[in-house]
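Given the structure is predicted, the values throughout are model-derived calculations rather than measurements. Each chain gets a letter, A, B and so on, in the order its sequence line appears, and its residues count up from 1.
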Protein chains: 2
Amino acid sequence: MVKKIKDTGAEEKILAAARKVFLTQGMAGARMQDIADEAGINKALLHYYFRDKDKLFETIFLEEAQKFFPKINKIFNSDDALFEKIENFVHEYIDEMQQNPYLPWFVMNEMNRDPQKFLDKIWGNSNRPDPSKFLSQIEKEVKKGTIKRISPLHLLFNLLGMTIFPFISKPMITRNLGMDELQFRTAMEQRKKEIPKFIMDSISK
Amino acid sequence: MVKKIKDTGAEEKILAAARKVFLTQGMAGARMQDIADEAGINKALLHYYFRDKDKLFETIFLEEAQKFFPKINKIFNSDDALFEKIENFVHEYIDEMQQNPYLPWFVMNEMNRDPQKFLDKIWGNSNRPDPSKFLSQIEKEVKKGTIKRISPLHLLFNLLGMTIFPFISKPMITRNLGMDELQFRTAMEQRKKEIPKFIMDSISK
DNA sequence: ATTTTTGTTAACCATTTGGTTAAACTATAT
DNA sequence: ATATAGTTTAACCAAATGGTTAACAAAAAT
């Protein structure tokens, strides 16, 4: 009956280990034994805390997705002006990615595997990314004539692509361009300013 | 000794099946039995033609990667003017993705899993994407003053991101925006013009 | 025609892997 | 001290999975 009065850390250690293994190996590639080893505990303990692999995976995936998407929503649905919104989005997103570089790949990977499952299950219609306000905001600006005529959808694609893609392709890009970890970090840091500038240069009249 | 005088199709059927299964499930998620079923042949025949799973996977991956990257190289290393190069790249890339939508995700996915392995093995220094000429070309244009001051690296990231990202995030994006297959296709078709325009609007003086 | 090589299969095998069990250990309450 | 509930482990189990074998069928070579 008494629950979690004291946590020596077993459960937390499992979660940390599972996070690491799932994020790098994906659901299919992850091994329960690897997670146990990584956590420094017996494999059976995994099943003691989390019934089975699916449950454990879902816990991790949900946790990661939920700490990630709401932030975006908040920005997209804020009352900021368009340019500030773009700036905020790029800034926050890149910060998040710097701390958690495997996240976007992980999310998209599992989503590719079984789109139905996650879009329904993980985002309970509550925190699913909703760019509709952002899109209509662009349209409004176009009509007002403050920015050039551009399709909101394409601007969204551009914004997302420029921001997220480097992190997804990191291994390929860095290896191919001979960048090291630090160079990549600084490049991404620069992009916080480069991307908004690039967009504004393109759409402002 | 005589090899492939006639191909009833077993080998081809295996390759087609393996392509399908590997592209959608990844190396870790793919099951040899699934490939056999998909090909309509006995599982043992897989091992008759391709020693083991690794070999089969490598065949597919190599085949896919090699029909994909050289094309890009040709564009990046051509003598076309910068804008034409960008136009060509976007055009060719989107065409390729339309026909083979799982490819970019597949390539990057497996590359994330084990970067060392593929970058050395798959691209034998021959057809590895090499944007260096493209990068220096941008720098030249900047120095000539024909375009705004922009970091070549960031422009490359922007170009790649805007072009490739929608295909990687397709399941997420389409579901979230309520797009169907046709709408997605037409949107991507539009991007062939939208992306070059977006870039030129941003960097031209 | 018959031998030999190539292609194909069903049945099988060994290992991996997710998951269970029963026993042991730890702390807390009585 | 002892019972009790919660925690952890070693040993085990069954299913899944990659891979092998031996027999059989089809084709090619003799």
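- Per the geometry, NE2 belonging to A:His47 stands 14 Å off P belonging to D:dT9, to the nearest Å.
- Between the CG atom of B:Asp52 and the C1' atom of C:dA14 there is a distance of 16 Å, given to the nearest Å.
- A:Ile41 comes within contact range of the sugar-phosphate backbone alone, with a heavy-atom separation under 4.0 Å but no base atom that close.
- The distance from atom CD of B:Gln33 to atom C1' of C:dT9 is 12 Å, rounded to the nearest whole Å.
- We find that CD1 of A:Ile14 is positioned 10 Å from C1' of D:dT8, with the value rounded to whole Å.
- Of the candidates D:dT7, C:dG19, D:dG19, C:dG19 carries the atom nearest the A:Met32 side chain, counting heavy atoms from C-beta on.
- With rounding to whole Å, A:Ile35 atom CD1 is found 8 Å from C:dG18 atom P.
- Counting to the nearest Å, the P atom of C:dG19 and the CG atom of A:Asp34 are 14 Å from each other.
- Distances shorter than 4.0 Å separate none of the side-chain N or O atoms of B:Tyr48 from OP1 or OP2 on C:dT8.
- For residues 157-169 of chain B, every residue pair satisfying the side-chain hydrogen bond (donor to acceptor under 3.5 Å, both in side chains) rule, not counting sequence neighbours, is listed here: A:Arg191-B:Asn158.
- Ring centroid separation for the pair A:Tyr93 and A:Phe89 comes in under the 6.0 Å cut-off.
- Spacing between atom CZ of A:Arg51 and atom C1' of C:dG19 amounts to 12 Å, rounded to whole angstrom units.
- Salt bridge absent: A:Glu139 and A:Arg149 never bring a charged side-chain N and a carboxylate O closer than 4.0 Å.
- The residue A:Asn42 sits close to a base: some heavy atom pair falls under 4.0 Å.
- Going from atom CG of B:Leu45 over to atom P of D:dG18 covers 16 Å, rounded to whole Å.
- To the nearest 0.5 angstrom, A:Met27 atom CE is 9.5 Å from A:Phe106 atom CZ.
- A sub-4.0 Å separation between OP1 or OP2 of C:dG18 and a side-chain N or O of A:Arg31 is present.
- A salt bridge links B:Asp79 with B:Lys133; the closest basic N to acidic carboxylate O contact falls under 4.0 Å.
- For D:dG19, its base sits under 3.5 Å from the side chain of B:Lys43 at one donor and acceptor pair at least.
- Distances from the side chain of A:Ala44 to the nucleotides C:dT21, C:dG18, C:dT8 place C:dT21 closest.
- No engagement by A:Ala36 is indicated, since no non-hydrogen atom pair under 4.0 Å with the nucleic acid exists.
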